[in-house]
Every structure is written in structure tokens, then in C-alpha cells.
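Each remark here refers to the structure printed beneath this line.
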Amino acid sequence: MLSPPGTMVQESVKPGKYTILNCETETFLDLSGYDNRAILGFPYHGWENQQWDIEPLGAGFSIRSVHSRDYLTLDYLAPGKDSQNWALVCSPYPVAWEFEPEGDSWRICWPESELVFSLEGMQANGASQAVLIPLHLKPDSRCHLWKLGQCGDLTVSSSVATPSSHTVVEVDGLRITSTLTTHIVVL
């Protein structure tokens, strides 16, 4: 599909660690903390279960949870009132997803099909189920468009501060000294 005039489109996804934002709901692809398998759209909180490693795989890209180290794939759901749906889930087995540029966003597709990432069933807490749907069912919806936000590398270092307290216990000639040391983690 052609991009609107003046719109920059990256021709291919660059490997790296990303958050994946839905353009319609403004929620992020999120590995459920309930079962570490289901995939949701969920408001941003910045934890590892909203971070994804995207790496080349065959003719496409694998999408792997930073939190669980499992890959995005699909699981069949019973037919809904409008269509058959496939839920996005995590599994130990990778899939080579296709990324199709659309303006400044991406359509993420099941290989060689019209099935695209989408969200449905928004709940009061902002969560919705991540599914694959045939693109022709909602061709003008922005719910199947996603933005990739590259996660910066966090540098973590630690240092040991001067001991802040001592406890000395003497019993029958045995002396036990306890030292409390503070560890400082700098992000």
C-alpha cells in the first residue's frame, strides 16, 4: 500500500527491544501476568511483560516476550458472532511474522495471509484481548495498526556504601559481629 505524501516509512523493522502500541486504543501489547500466556492490549506500565524482542526469522520476524522469553503465536478461539478469531498467545515456538508498513505504523500479519493483529472486547480497566482477524472485516479500522517504540538499554550498576551499623554479640567466648551494608542500585 502506498504511503501518504510526506510520510516517512521504514521499509523494514530493525531488530531490537520494543513496546508495541495499538494506534486506536493507545494500549500496549502485554503478556498477561495472570497466566504468562494470554496477550492483551493494556495501558502502559513499563514492566518487562510489555517489552518485546523483535528479531529476523526466515522471511519475517519473531516477536519474543522479554519477560517470559516465549514467542508470540496464535491459538484458535471459537467462532464469534461476526467471524472466527485466533487469540494471540505466547509459546516456546517462534513464528515468522510479517510487518507491513502503513504510514508511520505497522500491520503485523500471520505469514502469507490476511490475518492481522487486532484488539477486541475493551474492559473497564482498559484491557482488551489481542486477536488475529481477517483484514477485510475491518479494513478502515486503526485497531489493526501498531507503532513500535524502541526500548532504551538500562545501565544498571551497583556499589557498596560504608557499613551503616554493627551488632556485636559475645556468648561464652564466641564473638559474632554482624554488619549491615547498604547496596545502592543506580539506573
Side-chain angles (χ1 to χ4, degrees), residues 1-4 7 9-10 12-13 17-47 49-55 57-68 70-91 93-151:
M1 179 172 274
L2 295 176
S3 302
T7 302
V9 174
Q10 182 180 332
S12 182
V13 174
K17 187 188 322 180
Y18 292 92
T19 55
I20 303 175
L21 171 70
N22 184 270
C23 292
E24 184 171 292
T25 65
E26 296 186 355
T27 58
F28 290 79
L29 211 58
D30 183 290
L31 174 63
S32 170
Y34 175 73
D35 66 1
N36 277 328
R37 185 173 187 270
I39 306 300
L40 311 169
F42 200 81
Y44 181 75
H45 54 66
W47 297 344
N49 63 324
Q50 289 187 336
Q51 297 175 20
W52 304 92
D53 287 323
I54 298 176
E55 299 293 333
L57 178 68
F61 294 88
S62 66
I63 303 173
R64 187 177 199 182
S65 169
V66 169
H67 178 71
S68 72
D70 284 335
Y71 297 92
L72 281 185
T73 190
L74 61 84
D75 191 17
Y76 181 73
L77 291 176
K81 65 178 183 174
D82 298 325
S83 68
Q84 290 183 334
N85 290 323
W86 292 263
L88 288 172
V89 296
C90 268
S91 157
Y93 308 105
V95 170
W97 295 98
E98 295 176 356
F99 283 74
E100 295 178 355
E102 176 74 23
D104 64 349
S105 305
W106 298 93
R107 249 190 230 105
I108 305 173
C109 310
W110 183 255
E112 299 185 31
S113 78
E114 69 162 351
L115 296 175
V116 295
F117 275 32
S118 190
L119 295 175
E120 64 178 31
M122 175 121 1
Q123 300 171 12
N125 66 358
S128 51
Q129 185 174 20
V131 296
L132 287 173
I133 64 167
L135 180 59
H136 75 269
L137 293 178
K138 297 180 182 179
D140 298 324
S141 174
R142 291 183 47 78
C143 205
H144 59 73
L145 295 177
W146 302 83
K147 292 189 180 207
L148 302 179
Q150 191 136 28
C151 299

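Hydrogens, waters and symmetry mates are skipped; everything else that's a heavy atom, side chains included, is used.
A donor-acceptor pair under 3.5 Å links the side-chain atoms of W52 to the main chain of L29, judged by distance alone. For the pair S68 (side chain) and S65 (backbone), a donor-acceptor distance under 3.5 Å is absent.
R107 and V116 make their closest contact through CD-CG1, 3.8 Å (heavy atoms, listed as atom of the first residue, atom of the second, distance).
Atoms CG and CH2, from L132 and W97 in turn, are 4.5 Å apart once rounded to the nearest 0.5 Å. Summarising the geometry, atom CG belonging to N36 is positioned 8.5 Å from atom SG belonging to C90; distances are rounded to the nearest 0.5 Å. Considering CD1 of I108 and CD of E100, their distance stands at 10.5 Å, rounded to 0.5 Å. Expressed to the nearest 0.5 Å, how far CG of N22 lies from CZ of F28 amounts to 10.0 Å. Rounding to the nearest 0.5 Å places CG of D30 at 4.5 Å from CG of N49. Residue Q51 holds its CD atom at 8.0 Å from OG1 of T19, rounded to the nearest 0.5 Å.
Using a 4.5 Å cut-off on side-chain heavy atoms (C-beta onward), Y71 and L57 make no contact.
When the salt bridge (charged side-chain N to carboxylate O under 4.0 Å, His left out) test is applied to R142, no partner is found at least two apart in sequence or on another chain.
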*Going through the distances and angles, do W110 and T73 end up as a side chain to side chain contact (heavy atoms under 4.5 Å, CB included)?*
CA-CA 9 Å; W110 183 255; T73 190; 4.2 Å; yes

*Take R64 and E55 through the side chain to side chain contact (heavy atoms under 4.5 Å, CB included) test and state the conclusion after the steps.*
CA-CA 8 Å; R64 187 177 199 182; E55 299 293 333; over 6 Å; no

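Heavy-atom contacts from other residues, nucleotides or ligands closer than 6.0 Å to CD of E114 number more than 12.
Under the side-chain contact (heavy atoms from CB on, under 4.5 Å) test applied with F117, the options I39, L74, L88 reduce to a single match, L88.
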